[in-house]
Structure formats: structure tokens, C-alpha cells
Amino acid sequence: MKRSLSGIKSTGIPHVGNYLGMIRPAIELQNDHEAFYFIADYHALTTEKDGKAIYDSTLSVAAYFLAFGLDPSKAALFRQSDVPEVTEMAWLLSSVYNMGSLERAHSYKAAKDLGKANELNHATFMYPVLMAADILIYNSDVVPVGADQLQHLEMTRDMASRFNAVYGELLKLPEAIVNENVATVPGTDGRKMSKSYDNTIEPLTTSKKLKKQIMSVVTDVKTLEEPKDPTHCNVFALYKLFATHDEIETMKGNYLAGNYGYGHAKLALFEKMDAYFTPFRENYTRLIENPQEIEDALTLGTERVRPVVEETMEKLRYAVGVGRRK
Ligand code: TYM
């Protein structure tokens with residue numbers, strides 16, 4: 001069975017982009033893959049300095065996976081930091097990877113372009129190395145992600161190739177899995193949905209807040225009567241991700257005919273999303289009130305992945321020459 005692995009940072013609450021781009025496809029893969037999914041709390045440290053916020057977010061993100069149907073008896077769900085060997089592995093990869101390659105990372109360049117030199121920490125620069133360690137330490141075959149992670153996946157393959165060139169064929173080169181329709185889910189302002197753009201929709205918030213977030217989706221200023229262009233509308237773009245083929249065609253007809261306002265379209269989008277997420281919301285609320293249940297799932301997950309980590313690290317330490325030889 002192929003192994004699927006992915007991670008999500010514990011910075012706040014997941015948004016609809018995280019859900020469609022990664023959480024949902026990752027959970028689907030648990031049925032015919034060996035699934036390893038973790039909450040990247042070490043990666044969250046690059047930007048979040050409030051320890052309690054990272055801890056709370058870790059539990060919320062884990063509760064999201066469980067609420068959406070991750071089955072802990074099939075898939076391993078765990079904290080990145082419960083496997084501290086990934087930081088050791090990152091050091092081994094760092095030792096074969098060039099600074100120049102890391103300087104080309106979008107994540108580093110974006111942080112640098114923000115112009116806050118005092119906030120540009122070394123962990124941000126090293127971010128892709130830790131991510132490669134996350135993937136390579138588990139001999140992963142496939143990595144379900146949104147399009148924004150593709151460069152990191154290329155760098156991971158690059159690091160694995162360089163490591164293998166130096167020490168022999170020890171690391172497996174993983175493949176990214178990106179679902180075309182949801183590769184880049186748009187946010188309320190039409191840019192990529194992202195916490196850093198403050199344009200997110202939270203899937204499992206209350207109906208009231210969900211409605212408020214959807215009502216804030218940016219549109220042009222056409223009047224109710226005017227025909228509208230569905231291909232350039234943020235509301236329609238989001239609706240397409242949740243509606244059936246027939247519902248999409250009906251909405252398209254309404255846009256083109258006129259006498260259909262953006263308020264109507266937003267309400268239709270809200271009703272679709274609310275109906276979709278309500279059953280999961282109930283699971284989430286129950287879980288978040290029972291943190292021990294979440295921790296138990298994480299413990300089970302860690303126990304599951306540990307033998308894989310130990311085997312990899314023993315091989316790698318031997319190959320590079322660190323540690324005691326038995
Ligand atoms: P993160 O926490 O930013 O996002 C988690 C996942 O959600 C996807 N995603 C989106 N997909 C579609 N449309 C969007 N608007 C959207 N926004 C986010 C991301 O592509 C990602 O798959 N570096 C990773 C975490 C990580 C990781 C790993 C992932 C650490 N180690 C190892 C895979 C393998 C990140 O910051 O994801």
C-alpha cells in the first residue's frame with residue numbers, strides 16, 4: 001500500500017481552502033493508502049510566538065480532521081513535535097543543500113519582501129528543509145497539498161536527490177497530489193484564501209458567523225437588474241466548489257438573465273455551505289469539549305509512525321557517520 005503524508009500548520013483555525021485543498025483529499029486517501037497526517041507545530045513557530053495559541057490551535061486542527069472523518073484506527077494523526085527526530089533529519093538535509101536553492105523559496109522571498117528584517121528569522125529560511133524532513137523521514141509516496149506547496153515539494157525531491165547522490169539511494173522521492181478544481185481556493189476578496197490576507201471563511205464556525213463571512217465576499221457594483229458575468233465573480237467561484245452540476249447551471253442562467261442580485265447569490269452560497277458543514281460542525285463541537293479524546297487520537301498516531309522514524313534515522317545516522325555503531 002502506498003503511503004500518503006501531509007501536514008498543516010497550527011496557526012489558528014483551518015479555512016475552507018485548507019479543507020478543500022488538503023484536509024478532504026487527505027482523509028479520502030485513508031481508504032486505500034497508509035495515511036500519516038500531522039499538525040505542523042514546529043513550522044507554526046516561524047510566525048506565531050504565543051505558545052498557548054499554538055497549543056490550542058494544534059488541538060483545533062486535530063479536531064477538524066477527526067470531525068471531518070479521519071478514522072484514527074486507519075490513519076495516523078499526530079503532532080509534528082511528538083517526533084522531534086524531524087529536526088535532526090532537517091540538519092542532515094541542511095548539510096547537503098545549498099543556501100542558493102533556499103534563497104529561491106517563495107515563502108522566504110515573501111517574508112523578505114514584507115520588509116520586516118527583524119522578523120525574518122532563520123527558521124523561515126530553513127522552513128523548506130524541515131518540510132522535506134517531514135516528508136522524507138516517513139518514506140512517503142504521495143503528498144496531498146494545495147498548489148502553494150508545489151515548490152516545497154520540488155525542493156523536497158531536490159534535497160532527496162542530493163542526499164542520495166552523496167550517501168547512496170536512501171531516500172524515496174515523493175509525488176505531490178494536487179486536485180485541479182481546488183488547487184487554489186479563492187478567498188472573500190478573490191485572492192488565494194489565506195490567513196495572511198484576512199480573506200478566509202471558517203467552515204466549522206457558527207451558522208451566523210459563516211453567513212457574515214459569506215456576505216463579506218467582494219463583488220462588483222452591478223445593480224440587481226443588470227446581467228452579471230459568472231466567470232468573474234468570487235461568489236460564483238465559491239458556489240461552484242459546493243454545488244451540483246445542475247445547481248451551477250441554474251446559477252449561471254440567473255447571472256446571465258439579470259434581475260438576480262449578488263445578495264441572492266450569496267444567500268444561495270451560504271445555504272449550500274451551511275448544509276454541507278452542519279453535520280461536521282456538531283462533531284467538532286463535541287470533540288473540542290473533550291480534549292482528552294483528541295490527545296488519545298494523537299498518541300495513537302504517534303505510536304503508529306514511530307517505528308518508521310526509528311528505522312529511517314538508524315539508517316541515515318549510520319550512512320552519514322554520526323552516533324554510536326552497534
Ligand atoms: P498550510 O498550513 O499553510 O496549509 C495546509 C494545506 O492547505 C493548503 N491550502 C490551500 N489549498 C487550496 N486553496 C487554498 N487557498 C489553500 N490554502 C492552503 C496548503 O496547500 C496545504 O496543503 N508547509 C505546509 C505545512 C507542512 C507540510 C509538511 C505539508 C509542513 N510540513 C509536509 C506537507 C508535507 C503549510 O504551511 O501548509
Side-chain angles (χ1 to χ4, degrees), residues 3-27 29 35-48 54 57-58 60-62 64-65 68 76-81 83 86-87 89-90 93 105-108 110-111 123-124 126-157 159-160 172 174-203 234 237-238 240-241 305:
R3 184 171 293 151
S4 163
L5 170 130
S6 198
I8 172 169
K9 269 180 307 203
S10 47
T11 44
I13 300 281
H15 54 67
V16 169
N18 297 135
Y19 172 65
L20 295 174
M22 189 282 242
I23 299 175
R24 186 169 71 181
I27 293 175
L29 287 166
F36 286 7
Y37 303 129
F38 63 90
I39 300 114
D41 50 357
Y42 281 146
H43 275 110
L45 290 174
T46 58
T47 53
E48 178 63 76
I54 292 194
S57 165
T58 301
S60 296
V61 176
Y64 257 67
F65 274 89
F68 279 122
L77 180 68
F78 57 102
R79 269 191 184 83
Q80 183 184 32
S81 61
V83 183
V86 288
T87 58
M89 171 90 177
L93 295 172
H106 300 318
S107 48
Y108 168 66
T124 300
M126 206 184 148
Y127 190 111
V129 184
L130 182 59
M131 181 157 161
D134 289 328
I135 298 170
L136 300 172
I137 204 168
Y138 302 107
N139 283 315
S140 313
D141 294 293
V142 293
V143 185
V145 282
D148 60 356
Q149 297 300 316
L150 281 173
Q151 192 199 29
H152 287 149
L153 259 294
E154 273 167 36
M155 294 174 93
T156 300
R157 291 169 60 87
M159 276 180 242
K172 192 187 274 181
E175 302 283 343
I177 298 186
V178 180
N179 181 336
E180 208 184 307
N181 295 330
V182 289
T184 306
V185 173
T188 54
D189 59 359
R191 291 186 292 172
K192 181 188 89 161
M193 190 178 290
S194 164
K195 279 162 221 155
S196 36
Y197 296 151
D198 197 19
N199 64 357
T200 59
I201 299 176
E202 244 181 70
N234 300 330
L238 285 164
K240 274 202 313 198
L241 302 175
V305 302

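Position 1 is the first residue of the sequence; numbering continues from there. Just follow the structure's listing: the first ligand is 1, and inside any ligand the first atom is 1.
- Geometrically, ligand 1 and M193 share a nitrogen or oxygen pair separated by less than 3.5 Å.
- Considering backbone and side-chain atoms alike, K192 places every N or O at 3.5 Å or more from each N or O of ligand 1.
- Considering both main-chain and side-chain atoms, F38 never comes within under 3.5 Å of ligand 1 through any nitrogen or oxygen pair.
- For the ligand labelled ligand 1, residue S194 lies outside the 4.0 Å heavy-atom shell.
- One option in T156, I177, I135 has a heavy atom closer to atom 34 (C) of ligand 1 than any other, and that option is I135.
- The distance from the OG atom of S4 to the CD1 atom of I27 is 11.0 Å, given to the nearest 0.5 Å.
- Contacts of A183 with ligand 1, taken as heavy-atom pairs under 4.0 Å, involve the backbone alone.
- Near G21, meaning under 4.0 Å from one of its heavy atoms, ligand 1 places the atoms 11 (N), 12 (C).
- Residue pairs meeting the side-chain hydrogen bond (donor to acceptor under 3.5 Å, both in side chains) criterion with at least one member in residues 142-155, sequence neighbours excluded: S107-H152, D148-K192, Q149-H152.
- In summary, the atoms of ligand 1 found under 4.0 Å from a heavy atom of D134, numbered by their order in the structure, are 28 (C), 30 (C), 31 (N), 32 (C).
- Within 6.0 Å of NZ in K172 there are more than 12 heavy atoms belonging to other residues, nucleotides or ligands.
- The aromatic rings of F78 and F38 sit tilted relative to each other, their planes meeting at an angle between 30° and 60°.
- Considering backbone and side-chain atoms together, L5 places no N or O closer than 3.5 Å to any N or O of ligand 1.
- Among protein heavy atoms, the minimum distance from atom 2 (O) of ligand 1 is reached at K9 N, 2.9 Å.
- Note: an N/O pair closer than 3.5 Å links N18 and ligand 1 by distance alone.
- The shortest N or O to N or O distance between H152 and ligand 1 is not under 3.5 Å.
- When only interatomic distances are considered, the shortest N/O to N/O separation between D148 and ligand 1 falls below 3.5 Å.
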